[in-house]
Amino acid sequence: MRDVLVIGGNRYFGKRLIDRLLAAGDRVTVLNRGSSAPPAGAVHLVADRDDERALTEALGDRVFDVVVDQVCYTPSQAAIARRVFAGRTRRYVMTSTVEVYEYEHSPAAGVPEDAVDPREVAVDLELPWDEARFRDAHYGEGKRQAEAVLAAAPAFPYTAVRVAHVLGGEDDFTGRLAHYADRLRTGAPIAVPAANHPATYIHVEEIADFLFWAVGQDFTGPVNAASHGTLTTDEIVAHIPGGPARFQEVEVGEVSPFSFFRSYGMDNSRATRLGFAFTDARQWLPQAVAETLGKDH
């Protein structure tokens with residue numbers, strides 16, 4: 001039995017992770033701002049993770065085997081977490097993102113973890129990270145710098161799980177697949193780059209499995225989490241019912257979700273060597289689309 005703290009995680013693959021931990025018999029504590037209660041069986045702590053004093057007071061004298069941080073978006077948040085959890089946990093698992101590679105055009109085999117070494121990423125705590133608009137506009141940079149803060153403390157046992165684009169589940173809150181379904185139904189054009197590149201993906205259940213597996217491991221540093229293979233916009237749209245797709249190529253500007261000006265493929269060989277068995281994205285794609293769009297589409 002392990003003592004596991006999950007920060008955030010009350011929706012999508014976070015809540016699936018909590019369910020897996022509870023089913024395994026782990027003692028689970030969930031910390032959030034009180035917006036929603038965790039599942040039965042989990043201890044609930046309420047605090048704003050951006051408030052170091054409140055976070056410290058909420059934790060009291062608790063210590064954990066593992067902390068899984070689902071909502072660390074900025075270096076400021078990482079700095080608070082590093083101070084607060086130093087000596088409180090033997091392992092700190094931060095949910096990061098494929099977006100840390102936003103400037104790395106991946107080769108055919110996918111971009112490896114060392115393409116972005118957090119020990120070499122510059123950190124600027126003076127940027128307005130507490131402003132939601134700035135934070136959202138600099139999502140990848142925020143995650144990169146958050147990783148860098150954790151990596152700067154050699155004695156802090158962390159891993160950063162760089163999550164591929166997630167698909168599947170009836171509770172997908174992003175609306176990305178619905179974007180395509182609406183355009184197919186109405187015949188509206190789908191904006192894509194003139195050179196539209198593929199990306200790696202992972203099913204919502206698989207990333208929950210991966211995080212649950214990572215809780216029980218002892219490796220450190222960044223690790224890519226992505227199903228085998230890449231998917232193109234065409235391949236995803238082909239599984240969405242409706243009229244024929246009408247793509248409109250654009251050179252610059254906003255494009256539809258899951259269409260990219262650069263390749264977002266990740267190399268998952270490190271996680272595979274460590275012992276996690278990924279599925280193939282093309283095998284679960286039809287199921288993922290059906291789960292999310294449901295009977296209405």
Side-chain angles (χ1 to χ4, degrees), residues 12-14 16-17 70 93-118 139-144 147 159-169 172-177 179-180 190 192-193 195-214 219 221-240 255-292:
Y12 210 34
F13 59 84
R16 289 168 170 80
L17 167 63
Q70 292 282 82
V93 180
M94 170 192 162
T95 301
S96 190
T97 174
V98 64
E99 300 296 336
V100 301
Y101 301 120
E102 62 185 325
Y103 304 122
E104 311 295 328
H105 188 87
S106 65
V111 64
E113 289 87 354
D114 60 8
V116 175
D117 185 342
Y139 177 70
E141 183 62 25
K143 289 287 192 179
R144 265 194 305 277
E147 288 189 27
T159 187
V161 179
R162 294 172 174 172
V163 182
H165 303 287
V166 182
L167 288 173
D172 180 352
F173 60 91
T174 65
R176 293 174 295 193
L177 289 179
H179 168 93
Y180 287 107
I190 298 171
V192 296
N196 191 11
H197 294 278
T200 42
Y201 294 82
I202 192 164
H203 191 272
V204 62
E205 300 291 346
E206 187 166 30
I207 188 55
D209 287 340
F210 186 91
L211 290 169
F212 175 75
W213 168 80
F219 63 86
V223 62
N224 292 337
S227 299
H228 295 309
T230 59
L231 298 173
T232 65
T233 308
D234 288 5
E235 288 177 293
I236 295 173
V237 172
H239 293 281
I240 300 175
V255 294
S256 296
F258 307 137
S259 60
F260 304 101
F261 289 99
R262 50 162 300 282
S263 177
Y264 268 99
M266 288 197 299
D267 178 357
N268 63 11
S269 60
R270 184 187 186 213
T272 300
R273 289 194 304 271
L274 288 167
F276 189 83
F278 291 102
T279 61
D280 189 291
R282 288 185 176 84
Q283 293 180 350
W284 54 252
L285 177 59
Q287 172 192 343
V289 173
E291 290 169 352
T292 301

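Looking only at atom types and distance, the side chain of Glu99 has a donor-acceptor partner in the side chain of Tyr264 under 3.5 Å away.
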Given the rule in the side chain to side chain contact (heavy atoms under 4.5 Å, CB included) test, do His165 and Leu231 qualify, once you have shown the distances and angles that lead to the verdict? CA-CA 10 Å; His165 303 287; Leu231 298 173; over 6 Å; no
Stepwise side chain to side chain contact (heavy atoms under 4.5 Å, CB included) test for Ile202 and Phe278: CA-CA 9 Å; Ile202 192 164; Phe278 291 102; 4.2 Å; yes
So Ser256 and His179, side chain to side chain donor-acceptor pair (under 3.5 Å) or not? Walk me through it. CA-CA 8 Å; Ser256 296; His179 168 93; 2.9 Å; yes
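A salt bridge links Glu141 with Arg144: the closest approach of a Lys/Arg side-chain nitrogen to an acidic carboxylate oxygen falls below 4.0 angstrom. Contact check on Arg282 versus Glu235 returns a salt bridge, with a Lys/Arg side-chain nitrogen under 4.0 Å from an Asp/Glu carboxylate oxygen.
Here the CG-CD distance, from Leu177 to Glu291, works out to 10.5 Å after rounding to the nearest 0.5 Å. Atoms OG1 and CG, from Thr292 and Asp172 in turn, are 4.5 Å apart once rounded to the nearest 0.5 Å. To the nearest 0.5 Å, atom OH of residue Tyr101 and atom CG of residue Asn224 are 3.5 Å apart. Considering CD of Glu102 and NZ of Lys143, their distance stands at 13.0 Å, rounded to 0.5 Å. Taking CH2 of Trp284 as the start and CD of Glu205 as the end, the distance is 11.5 Å to the nearest 0.5 Å. Taking CG of Asp209 as the reference point, atom NE2 of His203 lies at 10.5 Å (rounded to 0.5 Å).
Under the ring pair (Phe, Tyr, Trp, His ring centres under 6.0 Å) criterion, Phe258 pairs with Tyr201, sequence neighbours left out. In terms of the salt bridge (Lys or Arg N to Asp or Glu O under 4.0 Å) criterion, Asp267 has no residue partners (sequence neighbours excluded).
Glu206 contributes no side-chain N or O that, together with a main-chain N or O of Ser227, makes up a donor-acceptor pair within less than 3.5 Å. Distance alone, capped at 3.5 Å, is enough to place a donor-acceptor pair between the Asn196 side chain and the Phe260 backbone.
Smallest separation of non-hydrogen atoms from Thr200 and Gly229: CG2-O, 3.6 Å. Across Pro222 and Glu113, no two heavy atoms sit closer than the pair O-CG, 3.5 Å. Looking at every heavy atom in both residues, Thr230 comes nearest to Gly265 through CG2-CA, 4.4 Å. Minimum interatomic distance between Asn268 and Ala226 (heavy atoms only, all atoms of both residues): ND2-O, 2.9 Å. The two residues Arg176 and Val166 come nearest to each other via the heavy atoms NH2-O, 3.2 Å. When all heavy atoms are compared, the tightest approach of Phe210 to Ala271 is CE1-CB, 3.7 Å.
Using a 4.5 Å cut-off on side-chain heavy atoms (C-beta onward), Val111 and Met266 make contact. Between Val116 and Glu147, every side-chain heavy-atom pair lies at or beyond the 4.5 Å cut-off. Side-chain atoms of Phe276 and Val223, non-hydrogen and from C-beta on, never get closer than 4.5 Å to each other. In this structure the side chain of Leu167 never reaches within 4.5 angstrom of the side chain of Val289, judged on heavy atoms. Looking at heavy atoms from C-beta onward, Thr97 lies out of side-chain contact with Val163 at the 4.5 angstrom threshold.
Annotation: Trp213 is in aromatic contact with Phe219 [ring centroid separation under 6.0 Å].
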